[in-house]
S.K.: 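I have a structure I would like to understand better, so I am pasting it below and will then ask my questions one at a time.
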There are 2 protein chains.
Amino acid sequence: MTISAARRRASIADVARVAGVSVGTVSNVLNRPERVLPATRERVEAAIEELAFVRNGSARQLRAGTITTVGAIVLDIANPFFTDVARGIEARLERDDYTVMVASSDDDPVREHRYLRLFEEHGVQGVMVVPATDDISHLLSLRERGVGVVLLDRPSPVADLSSVAVDDVHGGELAARHLLEQGHTRIAFLNGPHAIRQCADRHVGVVRALEEAGLDPAEALVEVTVPSLNADGGEAGIRTLLARGDRPTAVFCVNDLTALGALRTLRREGIVVPDEVALVGYDDVTFAAELATPLTSVRQPTHQLGETAADILLRGRDVPAEQVVFQPELVVRASSLSPG
Amino acid sequence: MTISAARRRASIADVARVAGVSVGTVSNVLNRPERVLPATRERVEAAIEELAFVRNGSARQLRAGTITTVGAIVLDIANPFFTDVARGIEARLERDDYTVMVASSDDDPVREHRYLRLFEEHGVQGVMVVPATDDISHLLSLRERGVGVVLLDRPSPVADLSSVAVDDVHGGELAARHLLEQGHTRIAFLNGPHAIRQCADRHVGVVRALEEAGLDPAEALVEVTVPSLNADGGEAGIRTLLARGDRPTAVFCVNDLTALGALRTLRREGIVVPDEVALVGYDDVTFAAELATPLTSVRQPTHQLGETAADILLRGRDVPAEQVVFQPELVVRASSLSPG
DNA sequence: GCTACATTATGAACCGTTTCATCACGGCGG
DNA sequence: CCGCCGTGATGAAACGGTTCATAATGTAGC
């Protein structure tokens, strides 16, 4: 029985020794093979093969100073909206041979900070962030330290910080106005905390639509804060609403996952959608059209959102900052249509 | 107007200079603060603040040799099945203060290799991989180079490689047997390429169930290979099936996203589920129960799958390899129930 | 007053790669 | 025959932390 020592990873020096060349030559084989004689190159390649040599990324990066990687932080990677955005980001980055590391903050500012620090310590060139709170001072100072920053799914409050967003006020307005047109006069809004800007903005839009219709938001709007922006949150939101009694005839959910949970819970409680309660979601995810009651939803240009953000980040710090705002669009389906 | 020079990131040496101490002391403040006098520590901390110093992760890691990070490669990060698995992984890693980098191979072996190399170059301690092909020799050699490897959602073919899987043969069997019990004698299977082990195994299970029932798979089974394991793939699969004429009365889809696409397309074609075609999916994702026709599906212990894989990886190389296999479970809903 | 010892701080070595000034060698023109 | 030039190969410096043997200082005991 042989005892194999826990051997260290082979380094460039080991390869050089086996191939009988200098470390500089090995490095050249790896990075500028055309500069080294074919015979030498082959010897080096054989040594690499023999030792199963793998470059040490840390050393390489330490020397290089920067890497062709960017970071992205979204609120919830399990939400199809954000995976679509991430796909858009990837699509744009691939053209420039960049890679992206995607992290999910789960709406938690602490997790957001932790990932930002991780990204910065590892020398990413830039980050795209869907901030978990209204306070973005940490992103401004991050940028001052030389890291590119693009706000994602959120307009920038300052002119010199780039952002790519969808008009959430308008989105909320579209949803509420539609429900009003269907004859509803009291609307429940299952929303996330207003610390999340998208939630605050959609609320503003809803209020605006109510006021336009001559209604008093204090009476016509019942806002319920859900514990999480997913199906479980939607379920909890509906339960809260039902416990109160005096339930509205329409429910607007801050996203489709929440609407999914709402739909599930309403059905379990024997409440028929849309006859007894009309339902509108947000994001128009893949399955929205295929639900037991096809879901009316506000569609956003997800893929384009990601692509544009990545594009702005890559075009870099020399070009002036820009704020892009896309417009959402209402997709009407059965879940919100009044019977008859 | 001031011209701000593109200043270099502050290093530990800069902090030391400003604080009037040595680099070793700064490092001690960062890593073993209890060993340095409070007065000194405060001066160093002030300097860190003043210079907005952020540790260079590459340098730190280069010296340390390894990091508390592991990699995970799944087939499709947009599939709720895999995001649930990823959540399970995260949950287990968090307890040991590890972080995970998740990448999606999109069923592409080339992408899988690229990410594995990236992970290895950056010195991850281990990887959890859902392999895109049957060939796992690259994973075996990776492990020989000292990187921990756990096969994810796939049983290991060799005794000394750990794996965490769900019995896919049994899963396929459960689905097919259920359809046979409902009286169907010809079944379509919208499956992925057999290079993906899960697809091959589920096929074996289906064939086994057919044979048990005394049917000839060559006649009773129509296998359609979908171009992608998602809703678009399901749509394409149904279109292929319909173009052939002579369509079976039951369709088994390799996962719920595919089933979603199938359902959508059948509806558009005016084919009623389950009356004209029975439908069964796989994974039992969140929305399966809420679809226009609630979807019968094979449920897997996703979260536990991820947790267990991470646990085996963390327990490390000293303990012997182990192969864990969970059992799936059929959840029957309306999409597969014969009328009457 | 001297030794022994604990507490802090120091600074050089080290991790593995890339880069670049320098060198060795051969061919060629004058 | 000499100088020049181009092609390849070389080896040491540099990147920015961490670690550890060593030094400096203070304190206690005798």
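Protein chains get the first letters and strands the later ones, always in sequence-line order, with residue 1 at the start of each.
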S.K.: Does the side chain of B/Thr25 get closer than 4.0 angstrom to OP1 or OP2 of C/dT10 through an N or O atom?
M.R.: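 Checking C/dT10 against B/Thr25, a side-chain N or O does come within under 4.0 Å of OP1 or OP2.
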S.K.: Whole Å only: how far is the CG atom of A/Asn31 from the C1' atom of C/dG16?
M.R.: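 Nearest whole value for this atom pair: 13 Å.
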S.K.: When the distance from CD1 of B/Ile12 to C1' of C/dG11 is rounded to whole Å, what number comes out?
M.R.: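 B/Ile12 atom CD1 is separated from C/dG11 atom C1' by 13 Å.
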S.K.: Rounded to whole angstrom units, what separation is found between the CZ atom of B/Arg17 and the P atom of D/dG16?
M.R.: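 Taking atom P of D/dG16 as the reference, CZ of B/Arg17 is at 12 Å.
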S.K.: Between B/Arg92 and B/Asp96 (salt bridge meaning N to carboxylate O under 4.0 Å), is one present in this structure?
M.R.: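 Yes, this pair counts.
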S.K.: Is the distance from OP1 or OP2 of D/dA9 to the nearest side-chain N or O of A/Thr40 less than 4.0 Å?
M.R.: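 Answer is yes, contact under 4.0 Å.
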S.K.: Within this structure, what is the CG-to-C1' distance between A/Asp14 and C/dC15, rounded to whole angstrom?
M.R.: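 Taking atom C1' of C/dC15 as the reference, CG of A/Asp14 is at 13 Å.
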S.K.: Nearest whole angstrom, please: distance from the P of C/dG26 to the CG of A/Leu37.
M.R.: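 Roughly 13 Å, once rounded to whole Å.
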S.K.: Heavy-atom nearest nucleotide on DNA chain C for B/Pro38 versus A/Phe53: which residue maps closer to 5'?
M.R.: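 Nearest nucleotide further toward 5': that of B/Pro38.
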S.K.: Between A/Asp76 and B/Arg87 (salt bridge meaning N to carboxylate O under 4.0 Å), is one present in this structure?
M.R.: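 Salt bridge present between A/Asp76 and B/Arg87.
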S.K.: Report which part of the nucleic acid B/Arg32 touches: base, sugar-phosphate, or nothing (heavy-atom distance under 4.0 Å, all strands).
M.R.: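 Since only primed, P, OP1 and OP2 atoms lie under 4.0 Å of B/Arg32, the category is sugar-phosphate.
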S.K.: Could you check whether B/Leu62 gets within reach of a base, just the sugar-phosphate, or nothing at all, counting any heavy atom under 4.0 Å?
M.R.: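 The answer is base, as B/Leu62 lies within the cut-off (heavy atoms under 4.0 Å) of a base atom.
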S.K.: Donor-acceptor pair, distance only, cut-off 3.5 Å: does the side chain of B/Gln323 make one with the backbone of B/Leu161?
M.R.: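 Yes; judged by distance alone, with no hydrogens or angles, the pair exists.
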S.K.: Could you state the CG-C1' distance from B/Leu30 to D/dG17, rounded to the nearest angstrom?
M.R.: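 Value for this atom pair: 9 Å.
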S.K.: Output the single nucleotide from C/dG16, C/dT18, D/dG16 whose closest atom is nearest the side chain of B/Ala59.
M.R.: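 The closest nucleotide is D/dG16.
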S.K.: Taking A/Val29's backbone N and O only, do any of them form a donor-acceptor pair with A/Arg41's side chain (distance below 3.5 Å, no angle check)?
M.R.: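 Absent.
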S.K.: On a plain distance test, is the side chain of B/Arg63 in donor-acceptor contact with the base of D/dT18 below 3.5 Å?
M.R.: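 Side chain to base: pair found, below 3.5 Å.
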S.K.: For D/dC15, take OP1 and OP2 only and decide whether either is under 4.0 Å from a side-chain N or O of A/Arg60.
M.R.: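 For D/dC15, neither OP1 nor OP2 has a side-chain N or O of A/Arg60 closer than 4.0 Å.
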S.K.: Taking 4.0 Å as the cut-off, does a side-chain nitrogen or oxygen of A/Arg35 come that near to OP1 or OP2 on D/dG8?
M.R.: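 Checking A/Arg35 against D/dG8: no side-chain N or O falls below 4.0 Å of OP1 or OP2.
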S.K.: State, without any angle test, whether B/Thr133 and B/Asp135 hold a side-chain donor-acceptor pair at a distance under 3.5 Å.
M.R.: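 No, because no side-chain N or O of B/Thr133 sits under 3.5 Å from a partner of the opposite role on B/Asp135.
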S.K.: Please state how far atom CG in B/Asn28 lies from atom P in D/dG17, giving the value in whole angstrom units.
M.R.: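 Going from B/Asn28 (CG) to D/dG17 (P), I get 14 Å.
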S.K.: Assign A/Ser58 to base, sugar-phosphate, or nothing according to its heavy-atom contacts below 4.0 angstrom with the strands shown.
M.R.: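 Answer is nothing: A/Ser58 stays at 4.0 Å or more from every strand.
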S.K.: So which one's nearest nucleotide on DNA chain D is more toward 5', B/Ser11 or A/Arg43?
M.R.: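 Looking at the nearest nucleotide for each, A/Arg43 comes out on the 5' side.
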S.K.: Rounded to the nearest angstrom, tell me the gap between atom CD1 in B/Ile48 and atom P in D/dG17.
M.R.: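 The answer, rounded to whole Å, is 10 Å.
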S.K.: Once you apply a heavy-atom cut-off of 4.0 Å, does A/Val21 come out as touching a base, just sugar-phosphate, or nothing?
M.R.: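 The answer is sugar-phosphate, as A/Val21 gets under 4.0 Å only of primed atoms, P, OP1 or OP2.
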